[in-house]
Number of protein chains: 2
Amino acid sequence: MVARRGRRNGAEVKLDADNAPTAEMPAVTGAAPDPVRVKAIPEAAVARLAVYLRVLSAMAEQGATTVASEELSAAAGVNSAKLRKDLSYLGSYGTRGVGYEVQVLVGQIERTLGLTRQHKVAVVGIGNLGHALANYGGFPGRGFPVEALFDVDADLIGVPVGGIPVSHLEDIPAVCAERGISIGVIATPPTAAQSVCDRLVAGGVQCILNFAPVVLQVPEQIEVRKVDLAVELQILSFHVARRAEETNSSHPVGNGMVVR
Amino acid sequence: MVARRGRRNGAEVKLDADNAPTAEMPAVTGAAPDPVRVKAIPEAAVARLAVYLRVLSAMAEQGATTVASEELSAAAGVNSAKLRKDLSYLGSYGTRGVGYEVQVLVGQIERTLGLTRQHKVAVVGIGNLGHALANYGGFPGRGFPVEALFDVDADLIGVPVGGIPVSHLEDIPAVCAERGISIGVIATPPTAAQSVCDRLVAGGVQCILNFAPVVLQVPEQIEVRKVDLAVELQILSFHVARRAEETNSSHPVGNGMVVR
DNA sequence: AGCTGTGAATCGTTTCACAGCT
DNA sequence: AGCTGTGAAACGATTCACAGCT
């Protein structure tokens, strides 16, 4: 079966934990009533689960009780094989010949994504973007209440935005710790981002969502996700350029970029 | 290495025989005078090029003239092998034994990403987020000037935001066509997003950056990128949950009551 | 008859490791 | 001696295709 190959000789050995994406390993759990443990879900699948969840919630609201992979996948913009594979990471919650029960799926995805508890959010940098984020007022569906706001601007300190008074950057560690913030959102100018990040970490936040265009340095147990407007636009720009090049496939060179 | 490239990076037709379980034929059949195209840059690499570009620009500002892969990769948060591979897609612009010339690299990346020309942007939905985006005033480094704003709200029509007067959603096609908008940014509530998207497409935009939590349906030549706050937070939530599970690996924690 | 769940094949990305140039 | 450029190996994600359940 899974042949395991040695590695030549190099640094770093990544302890090959056997997580074949589909294997029924005899979990070491004793007589656990609930098969919760098992294999890791691929990162890419996690992102899609969040999308499925939204689509399913919408369907539930419209009274759907069951849904087939074909239908759900179409609504989520993926193909059905991928959808089924993704859902299979959760366990077997579908009914062959029928489909999935919407409510069951919603529950399982919420459990898997850790949405059965709240995650308090702090927003740092109350400029245009931070303001917008703060006013979102408890991001999506209640699970992510914004409970702290920070900025450097003296004129803003104490002013409530979306119901929460703004505190000073220096108080990040204390306030985050005190309020039990678990997610920090950085919406500051790039120059301030790293120091803000350090303070958030000092305050005990576990994850950071970074809107500032900088690569943050964090201790390895902290999870960081980055949303970068400039990068998104530049990727789009690349595609426009590529399309233009393709359409008038007349000037293949001009600048010396050639076949490899 | 005779890999043959399909036309497009994403979609592309399958010309694969969908039968013989183990039979495999030397793919590529009638090779027409297929022009040898420039090797396409992997999608994943494109996103990183944008990051390298920013880092390089910062280095240039501080007077650096050359940089080695080790240094640049560290600053960009990737490893050096990946960096070198990514840069190799642009061509050979480094000097063995020395490194890369910062200015040369900046120029090549800009050219590759299509940043040598401007891409006019329209922002639709002037709520909190749209307002923030509009005020960015010509996104990153001058290459993406915001030149049109739209909303449904009658109170907003005509009011200038960040220097540009807001127009009505209905005028999207006409205004976009007239001003030569190439990128549309959707910052509306989810319910409006698809219709806005259709109008942007009608107005001739080639790419869409979608902040609304919906899966957009677009003609295949339109490139869409999505930025989804809820999804980002839920991914972070997943990691918090997984870490918690790992730390206390024994207790599935009963069954949390929920919130959502 | 229909649809899920999943091994196996395929495809894309990352990493290794070293030849080749400076 | 040092650093790039790159085949090839390893890894990871997606798609195929069908066995197995309802």
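Naming: A, B, ... by sequence-line order, numbering from 1 per chain.
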query = Do the side chains of Ile183(A) and Ile208(A) get nearer than 4.5 Å, heavy atoms only?
reply = no

inquiry  = Check Glu43(A) with Arg225(A), please: is the shortest side-chain N to carboxylate O separation under 4.0 Å?
reply    = yes

ask   = Restricting to pairs with a member in residues 46-60 of chain A, which pass salt bridge (charged side-chain N to carboxylate O under 4.0 Å, His left out), not counting sequence neighbours?
value = Arg48(A)-Asp86(A), Arg54(A)-Asp228(B)

request  = Check the distance between dT4(C)'s C1' and Leu87(A)'s CG and give it to me in whole angstrom.
outcome  = 10 Å

message = Which residue in the set His119(A), Glu110(A), Glu223(A) passes side chain to side chain donor-acceptor pair (under 3.5 Å) when paired with Ser237(B)?
response = His119(A)

key: Nucleotide dT4(C), atom P - distance to CG of Leu105(A) in whole Å   = 10 Å

Phosphate-side-chain proximity, Asn79(A) and dT14(D), N/O vs OP1/OP2 below 4.0 Å = no

inquiry  = Can you tell me which nucleotide in dT22(C), dT6(C), dT4(C) comes closest to the side chain of Thr95(B)?
reply    = dT22(C)

inquiry  = Nearest heavy atom decides the nucleotide; on that basis, is Arg84(A) or Arg48(A) closer to the 5' end of DNA chain D?
reply    = Arg48(A)

ask   = Over how many whole Å does the gap from Lys85(A) atom NZ to dC16(D) atom P extend?
value = 13 Å

task = Tell me which nucleotide among dA13(D), dT6(C), dG5(D) gets nearest to the side chain of Glu43(A).
result = dA13(D)

query = For dC3(C), does either OP1 or OP2 sit under 4.0 Å from a side-chain N or O belonging to Tyr93(A)?
reply = no

key: Check: dT4(C) base within 3.5 Å donor-acceptor of Arg96(A) side chain   = yes

Between P of dC16(D) and CD of Glu70(A), the distance in whole Å = 12 Å

inquiry  = Check the phosphate of dG5(D) against Ser92(B), side-chain N and O only, distance under 4.0 Å to OP1 or OP2. Yes or no?
reply    = yes

note = The answer to which of Lys82(B) and Ser69(A) contacts DNA chain C further toward the 5' end, by nearest nucleotide, is Ser69(A)

inquiry  = Would you say that Val51(A) contacts Val78(A) through its side chain, given a criterion of any heavy-atom pair below 4.5 Å between the two side chains?
reply    = no

remark   = Stems of at least 3 consecutive Watson-Crick or G-U wobble pairs (donor-acceptor distances under 3.5 Å) involving DNA chain C, listed by first number, are C:1-22 with D:1-22

request  = Look at the side chain of Gln194(A) and the backbone N and O of Gln217(A), then say whether any donor-acceptor pair between them is shorter than 3.5 Å.
outcome  = yes

inquiry  = Is Tyr89(A) close enough to dA13(D) that one of its side-chain N or O atoms is under 4.0 Å from OP1 or OP2 there?
reply    = no

query = In whole Å, what is the span from the CG atom of Leu83(A) to the C1' atom of dT6(C)?
reply = 14 Å

ask   = Within this structure, what is the OH-to-P distance between Tyr52(B) and dT4(D), rounded to whole angstrom?
value = 13 Å

inquiry  = Judged by each residue's nearest nucleotide on DNA chain D, which is more toward the 5′ side, Gly97(A) or Ala81(A)?
reply    = Ala81(A)

request  = Report yes if the side chains of Phe238(A) and Leu115(B) come closer than 4.5 Å at any heavy-atom pair, otherwise no.
outcome  = no

key: d(CG, Asp86(A); C1', dT6(C)) in whole Å   = 13 Å

